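First the structure, in the form of structure tokens, and then the observations on it.
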Amino acid sequence: MADLAKILAEIVDELSARENRGVPATYIPELAAIDPKKFGIAVETAEGESYVAGDATEAFSIQSVSKVFTLAIALGRLGDQLWGRVGREPSGQAFNSILQLEHEQGRPRNPFINAGAIAVTDAILAGHEPKELLGELLHFVRTAAGDDDIHINKSVAKSETNTGHRNFALAHFMRSYNRLYNPPELTLGAYFHQCAIEMSCAQLARAGRFLMGAPGMPRMVAPSRVLRINAIMMTCGHYDASGDFAFRVGLPGKSGVGGGILCIVPGKASIAVWSPGLNDQGNSKLGTEAIEMLATRMGWSVFSG
Ligand code: GLN
């Protein structure tokens, strides 16, 4: 796809001139220090071609994008029983909101808001040491990407352990409803480390190939689960901006406060973008714009058939 290389180069060009790039996450001190000028984008196609542009081979903190991989592991392990622990409705609330959790007796709305992701990590931690779970998660991500050079940045995990008071509040709150089965410190230890996985756009786009559901792609979960994970990415992947992302882009995506977004074009492509500056909803500002530009120029949308 000659067009694709050209389009990615144009997007990098257009966005590098942008003054208003959003603000990197400051509540995790290690992330606040990242250069907001960084910008990378990568695409893997169903034909097996790889395209990269900008800082696409530089590793960044994938943060909440990791929730896609833990959800896949949880569905593989627990199957539909997982839905007893967490819902699958958009929350319409900030990713770290505590408000809804009280109204709904400690049952998180979906697996992508923080409370829901903590509940998913808690579910797959059962009977394991956090180290074993993180080993399994790294194995999953490395296998999906076909690349063993993917690691957890312990300083980022430590940084968030020191400042993650909101997540401690959410975890203890769920525990008070007996909705967390492990001690909150243990579950959060695993959760902060899962969020601290680092990958480049090139690696992340490769790790997302299994979600394309196309022939020849790595098969990490059953095809019926691939459809469901995409559905949840579409409806919940950008928190209280999920509707806006669906409107502008029309594709399933999952963002992280490190400024990364993984976006899937079912049957066609896996896209990863990284720009550390965030918008008001905690999603990458220029990352969202880049995917909107790419999807528009390629004619990619789940609504266009
Ligand atoms: N580790 C972050 C947190 O729990 C992840 C949030 C995100 O990427 N949206 O706050």
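One-based numbering, in listed order, for ligands and for the atoms of each. All values derive from a computational prediction rather than experimental measurement.
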(message) Starting from atom 8 (O) of ligand 1, what is the nearest protein heavy atom, named by residue and atom, and what distance separates them?
(response) Ser64 OG, 2.6 Å
(request) Decide whether the shortest distance between a heavy atom of Asn114 and an atom of ligand 1 is less than 4.0 Å. (result) yes
(request) Using a strict cut-off of 4.0 Å, indicate which atoms of ligand 1 neighbour a heavy atom of Tyr239. (result) 7 (C), 9 (N)
(request) Go through the side-chain N and O atoms of Ser200 and Glu58 and say whether any donor and acceptor fall under 3.5 Å apart. (result) no
(message) Can you tell me how the ring of Phe210 sits relative to the ring of Phe140, calling it parallel under 30°, perpendicular over 60° and tilted otherwise?
(response) perpendicular
(message) Tell me the protein heavy atom at minimum distance from atom 2 (C) of ligand 1, and give that distance in Å.
(response) Gln63 OE1, 3.1 Å
(request) Could you tell me whether the side chain of Ile197 reaches within less than 4.5 Å of the side chain of Leu137, counting heavy atoms only? (result) yes
(request) Could you check if a side-chain atom of Val273 sits within less than 4.5 angstrom of a side-chain atom of Leu286, using non-hydrogen atoms only? (result) no
(request) Could you list which atoms of ligand 1 come closer than 4.0 Å to a heavy atom of Phe95? (result) 6 (C), 9 (N), 10 (O)
(message) How far is atom 3 (C) of ligand 1 from the closest protein heavy atom, and which atom is that?
(response) Glu160 OE2, 3.0 Å
(message) Can you name the atoms of ligand 1, numbered from 1 with element, that are less than 4.0 Å from a heavy atom of Gly256?
(response) 8 (O)
(message) Just to be sure I read this right, does ligand 1 sit under 4.0 Å from the backbone of Asn167, its side chain, both, or neither, counting only heavy atoms?
(response) side chain
(message) Check the orientation of Tyr27 and Phe95. Use parallel for under 30°, tilted for 30 to 60°, and perpendicular for over 60°.
(response) tilted
(message) I'd like to check whether Tyr27 has a polar contact with ligand 1, where a contact means an N/O of the residue lying under 3.5 Å from an N/O of the ligand.
(response) yes
(message) A side-chain contact here means heavy atoms from C-beta on lying under 4.5 Å apart; do Lys285 and Val23 qualify?
(response) no
(request) Using distance alone, with no hydrogens and no angle criterion, decide if His151 and Asp149 have a side-chain donor and acceptor under 3.5 Å apart. (result) yes
(request) Check if Phe192 has a non-hydrogen atom at a distance under 4.0 Å from any atom of ligand 1. (result) no
(request) For ligand 1, note which part of Val257 has a heavy atom under 4.0 Å away: side chain, backbone, both or neither. (result) both
(request) Heavy-atom contacts with Cys195 under 4.0 Å: which atoms of ligand 1 show up? List them by number with element. (result) 1 (N)
(request) Please confirm whether Arg85 makes a cation-pi placement over Tyr181, using NZ or CZ under 6.0 Å from the six-membered ring centre and within 45° of the ring normal. (result) yes
